[in-house]
Amino acid sequence: MLYLDNAATTLKKPVSVYRELIKNTLFCGGNAGRGGHRQSMAAVRTIVDTQDLIAQLFNIPLPQNIVFTQNATYALNTAIFGTVRDGGHIVITQMEHNSVLRPAYYLGNYTVAKADVSGYVSPEAVEAAIREDTRLIVCTHASNVCGTLQPVSEIGLIAKKHGIPFLVDTAQTAGCVEIDAVEMNADMIVFSGHKGLMGPMGTGGLYIKNPEAVTPLVMGGTGSDSESIVQPLFMPDKFHSGTMNTPAIAALGAGVRYVLCRGAEEIGEHEKHLADRFRDNLANMNDILLYGGKDSIATVAFNVGTLGSEELFERFGGKAAVRAGYHCAPLAHEAIGTQDRGAVRASFGIFNTLRDVEKMTDYVYHISRDLKG
């Protein structure tokens, strides 16, 4: 089966990722912070080492301000509920994932900065949505639907000008786009571990520039200050309640090492080259609708003729692993005009090749040709 669903998760990982996962499961079973013995201390070292690697990749000055979660959704919820804990208004964009939309809807006091038909949200649209009671601005770095990159650095400057915390969701860009926490003017950065960072599923995290301004979503045992009933305020223990998934964090560290060695820019260029070739191939066919803009990551959203996206997916006959539907981002589909049928998304990864592009092009071509009868 042709795998082109890297926006959901990278199916293939570097061998070092599997090696670390197995090694830390079989031979390094200590519980971080729950003892002074060698195995427990080794687990602490694993977590610290992975923090250091992510800090290097994202240009984060304080690695201890990186906390690990089971996914980017948990990290986004931590950032949103932990910041707007006493009420206040939130600005989000039309291209956000449900991991942002649903918390904002639950809290009830939010404004959506609209995107254009390519999925691009202008800094002016974000600034126009700010109110006197705005307490948080949230923006995805790139759309998980059509791949359009957002001007996060410019939006970060606007947030800084207004004195509002700025949260960036890099679930789709970490590992394939250069991310600089300082240049982005980001107060918080969420990342997914199992996509471009090549880690296992069940990994993700959150960088918090000012931890004192964010309340933990979960409190409990941290292995530190155990004599106190008060949650520790120092990092990362403030947000690390309960047993950490140390084997997965170790494997995530191996994935980040791979990205650092290859270079996020080089990885992104390879993936984008494949996506651009596929997009160009589709543009030369009849009855193909393409979505998104040129300034994007390696995600191509499309439809064929009048087919619904789910029906189009079925016509691949299991030969291609792509995603159809609404991709947990309903407002994004309203922006790009696919709210009535969704879209098929093909997302390329570092282990895809030009041969994969040609195979996928051939599949789409035959579906399009068959539609004409």
Side-chain angles (χ1 to χ4, degrees), residues 32-33 44-69 72 74-76 78-80 82-83 135-142 149-193 196-199 203-217 222 224 231-240 244 249-250 252-265 267-268:
V44 173
R45 186 72 257 167
T46 294
I47 293 169
V48 171
D49 287 347
T50 305
Q51 286 175 313
D52 289 342
L53 289 164
I54 293 170
Q56 182 181 346
L57 183 64
F58 292 170
N59 190 30
I60 291 171
L62 296 173
Q64 66 268 28
N65 285 3
I66 298 167
V67 297
F68 295 109
T69 61
Y74 191 101
L76 284 163
T78 298
I80 293 168
T83 301
R135 298 291 176 267
L136 182 65
I137 297 173
V138 189
C139 184
T140 185
H141 194 187
L149 282 160
Q150 306 301 342
V152 291
S153 296
E154 292 88 341
I155 294 171
L157 281 175
I158 289 169
K160 187 175 182 180
K161 180 178 74 172
H162 290 272
I164 301 168
F166 180 44
L167 168 61
V168 182
D169 176 5
T170 69
Q172 295 296 323
T173 55
C176 63
V177 176
E178 292 286 350
I179 293 171
D180 188 318
V182 177
E183 191 270 335
M184 279 182 175
N185 302 289
D187 295 283
M188 291 176 283
I189 293 177
V190 163
F191 59 90
S192 173
L197 294 183
M198 307 290 177
T203 56
L206 170 65
Y207 161 64
I208 310 173
K209 183 179 180 180
N210 301 306
E212 67 280 356
V214 183
T215 301
L217 193 64
T222 60
S224 55
Q231 185 77 2
L233 297 179
F234 55 86
M235 296 292 287
D237 295 41
K238 181 177 179 180
F239 296 90
H240 276 182
M244 304 297 292
I249 292 171
L252 171 59
V256 176
R257 283 191 187 93
Y258 175 86
V259 173
L260 286 167
C261 182
R262 287 290 299 267
E265 185 175 1
I267 291 171

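Within the 4.5 Å cutoff, the side chain of T140 has no heavy atoms near those of the Q172 side chain. With contacts defined as side-chain heavy-atom distances shorter than 4.5 Å, the pair C139/F166 qualifies. Residues I208 and F239 have side chains in contact (heavy-atom distance under 4.5 Å, counting atoms from C-beta outward). Inter-residue side-chain proximity for T83 and M188 is flagged as met; some heavy-atom pair is nearer than 4.5 Å. Using a 4.5 Å cut-off on side-chain heavy atoms (C-beta onward), L149 and H141 make contact.
Summarising the geometry of Q231 relative to P216, their closest heavy-atom pair is CG-CG, 4.4 Å, with the distance given to 0.1 Å. The two residues T173 and A142 have their closest heavy-atom pair at CG2-CB, 3.5 Å. Looking at every heavy atom in both residues, A75 comes nearest to G205 through CB-O, 3.4 Å. M244 and I249 make their closest contact through CE-CD1, 4.0 Å (heavy atoms, listed as atom of the first residue, atom of the second, distance). Closest heavy-atom contact between D237 and P232: CB-CB, 4.2 Å. Smallest separation of non-hydrogen atoms from A250 and T46: CB-CG2, 3.4 Å.
Between atom CZ of residue F58 and atom CG of residue L53 there is a gap of 11.5 Å, rounded to the nearest 0.5 Å. How far CG of L197 is from CD1 of I267: 9.0 Å, rounded to the nearest 0.5 Å. L217 contributes atom CG, which lies 10.5 Å from atom CG of L206 (distance to the nearest 0.5 angstrom). With rounding to the nearest 0.5 angstrom, the CD1 atom of I164 is 12.5 Å from the CD1 atom of I155. Interatomic distance, M198 CE to R257 CZ, rounded to the nearest 0.5 Å: 15.5 Å. Annotation: the span from M184 atom CE to I189 atom CD1 amounts to 5.5 Å, rounded to 0.5 Å.
Using a distance-only test at 3.5 Å, with no hydrogens or angles considered, no donor-acceptor pair links the side chain of N210 to the main chain of E212. No donor-acceptor distance shorter than 3.5 angstrom exists from the side chain of N65 to the backbone of Y207, with no hydrogens or angles considered. Counting only distance, with no hydrogens or angles, the side chain of Q51 and the backbone of I66 share a donor-acceptor pair below 3.5 Å. The backbone N or O of P236 lies less than 3.5 Å from no partner atom in the side chain of Q64, so there is not a single donor-acceptor pair. Judged by distance alone, the side chain of N59 and the main-chain N or O of A181 form no donor-acceptor pair under 3.5 Å. A donor-acceptor contact shorter than 3.5 Å is absent between the side chain of K209 and the backbone of P165. K160 places no side-chain N or O within 3.5 Å of a backbone atom of N185 that could act as its donor or acceptor partner.
Ring-plane geometry between H240 and F68 is classed as parallel, the angle between the planes falling under 30 degrees on a 0 to 90 degree scale with a further cut at 60.
A side chain to side chain contact (heavy atoms under 4.5 Å, CB included) with V190 is found for exactly one of T170, V168, L167, namely L167.
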